[in-house]
K.L.:
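Pasting in a structure now, in structure tokens, and then I'll have a few things to ask.
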Protein chains: 2
Amino acid sequence: MEKRPLYEQVKETLLARLAGDYWRPGALLPSEPKLAGEFGVSQGTIRRALDDLVSQGLLARYQGRGTAVTEHTPFGFFHLFREDGTRELPESKTLRISVNPPSRAERDALELASGKKVIRIQRVRYLNLEPKIFETICISHDLFSGLAKMATRDLPNTVYNYYEQKFGVPIVGKRERLRAAAATQDEARYLHIEIGAPLLEIECIAYSHRSQPIEWRISRCLTDEHYYCNPPE
Amino acid sequence: MEKRPLYEQVKETLLARLAGDYWRPGALLPSEPKLAGEFGVSQGTIRRALDDLVSQGLLARYQGRGTAVTEHTPFGFFHLFREDGTRELPESKTLRISVNPPSRAERDALELASGKKVIRIQRVRYLNLEPKIFETICISHDLFSGLAKMATRDLPNTVYNYYEQKFGVPIVGKRERLRAAAATQDEARYLHIEIGAPLLEIECIAYSHRSQPIEWRISRCLTDEHYYCNPPE
DNA sequence: CAGTGGTCTAGACCACGGA
DNA sequence: CCGTGGTCTAGACCACTGG
């Protein structure tokens, strides 16, 4: 017998469906009684699972209509807003993809065994057509070896979906740490700012099931016209 | 009849008790059945209210023991951690307290009627004995007029409690926005850094019941040895 | 109107902590 | 052992949405 709570097991199954194509973004899920029947649990247990997924930002509930898969940015992408409170979908341009032995910090963040390599991806992201974010992504080469040979042109804008669809690795959680930092020479060039200009650094580790770290990401953001907000307002 | 949900009403009452001295920090609350009896609602409704307060960080549950009032920093103060993950209680030194007509931003943030004045407080906060945060607090003069005449020496380190105890204004929620910013001349002097050095700016509006904004606070933090994390790990 | 989620109840059993 | 919170059930009524 499984000894974890029922609602956790329900959550895990729903999470897998959400990460895959089982339900399209924006689609309505079956009603709570239907899900309760399908999983053989009570409606209360389904509610508990759905509530957790709502608070993770994966689902949204609408009284009288149903429960829907969140549109766009399945796992609440960046929490950057314009000063007027509106949101934008960031476009991105990939600069380089490389395979390297991990730095100490990278090995720690991804909990890699020694000798394992990592894939490093550098991107510039655009908000309102202006370069605002310089981003470095680090993932295990073992898990994503196929990605290392891709052309920088072909890397999709939003990679969490991609991890799931192509590599079977769903992202179900993240942990963020924020700091202020000074722009490096590289960042200054790509973001059209002075060296040393203040940037908001978002360090994010994304997790799969069972808290396994999958991706380490450093995003350095120009916040002259945007702010970070968590949770989204 | 009151039309708001029962658990919201329960929350509001518990919140008022928590802000006051009804229960000491660290003390155990009455058990769920006891509270249910006292409020005349079911245990499930009490659970819902307690769960919300736990997720706000005001309470902590311990299976087999009970539900306790969180120790220290009643409404999770700053979410600044040292790089090793530990937390510190920031000390503070108040620089000035002044009464002014509000700026446009201040009037908007506090939803003040025109003609009202504000109290502005500037502080330097210390982490590990080093000046790390330059803070500007802005509150309504009407609500806190007694505070304007205080000596800077007498302002307590943690003011949320103070608002409640001396002025009957409990803080029950907050909304934060983060940016990177360059140190001004003032900030550079007090934080012992260069002008233009990157600082993490935390803009925080603190709310009382019914979402009434009470305090607008700008904290500019040196994050050379700390990071911001929400929710606390 | 029927169906959805939102709230609320009453009661069951379990896992844990402390006496 | 008892009392605590943690999980789960079954069913009630309400508020809102859509046709």
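First the proteins, then the strands, lettered A, B, ... as listed; each starts at 1.
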K.L.:
When you measure from the side chain of E106(A) to the backbone of S103(A), do you find a donor-acceptor pair of N or O atoms at a distance under 3.5 Å?
P.N.:
yes

K.L.:
With a 4.0 Å cutoff (strictly under), does any side-chain N or O of K34(A) reach OP1 or OP2 of dG3(C)?
P.N.:
no

K.L.:
Only one of L110(A), I139(A), T136(A) passes side chain to side chain contact (heavy atoms under 4.5 Å, CB included) with W216(A); say which it is.
P.N.:
L110(A)

K.L.:
May I ask you to verify if any side-chain N or O of T67(A) is less than 4.0 angstrom from the OP1 or OP2 atom of dG5(C)?
P.N.:
yes

K.L.:
Going by an N to O cut-off under 4.0 Å, is there a salt bridge joining R47(B) and E32(B)?
P.N.:
yes

K.L.:
Can you pull every protein N or O that's under 3.5 Å from an N or O on nucleotides 16-19 of chain C?
P.N.:
unit_1  : atom_1 : unit_2 : atom_2 : d
dC16(C) : O4'    : Q63(B) : OE1    : 2.9

K.L.:
Do Q212(B) and Y207(B) have side-chain N/O donor and acceptor atoms under 3.5 Å apart?
P.N.:
no

K.L.:
Quick one: list whatever passes salt bridge (Lys or Arg N to Asp or Glu O under 4.0 Å) with R82(A), sequence neighbours left out.
P.N.:
E88(A)

K.L.:
If you find the nucleotide of DNA chain D closest to Y62(A) and the one closest to R48(A), which residue's nucleotide is nearer the 5' end?
P.N.:
R48(A)

K.L.:
Applying side-chain contact (heavy atoms from CB on, under 4.5 Å), name anything that partners R179(B), two or more places apart in sequence or on another chain.
P.N.:
E83(A), T223(A), Y227(A), R177(B), E201(B), E203(B)

K.L.:
Considering only heavy atoms of chain B and a distance under 4.0 Å, specify the first and last nucleotide of DNA chain D in 5' to 3' order that meet this criterion.
P.N.:
dG3(D) to dT7(D)

K.L.:
To the nearest angstrom, how far is L29(A) atom CG from dG3(C) atom P?
P.N.:
19 Å

K.L.:
Can you tell me how far P of dT4(C) sits from CG of L35(A), to the nearest Å?
P.N.:
11 Å

K.L.:
If the condition is ring-ring contact (aromatic ring centres under 6.0 Å, His included), which residues does Y126(B) pass it with, not counting sequence neighbours?
P.N.:
none

K.L.:
Over how many whole Å does the gap from Q43(A) atom CD to dG3(C) atom P extend?
P.N.:
14 Å

K.L.:
With sequence neighbours excluded, what pairs up with F167(B) under the side-chain contact (heavy atoms from CB on, under 4.5 Å) test?
P.N.:
F144(B), L147(B), Y162(B), V169(B)

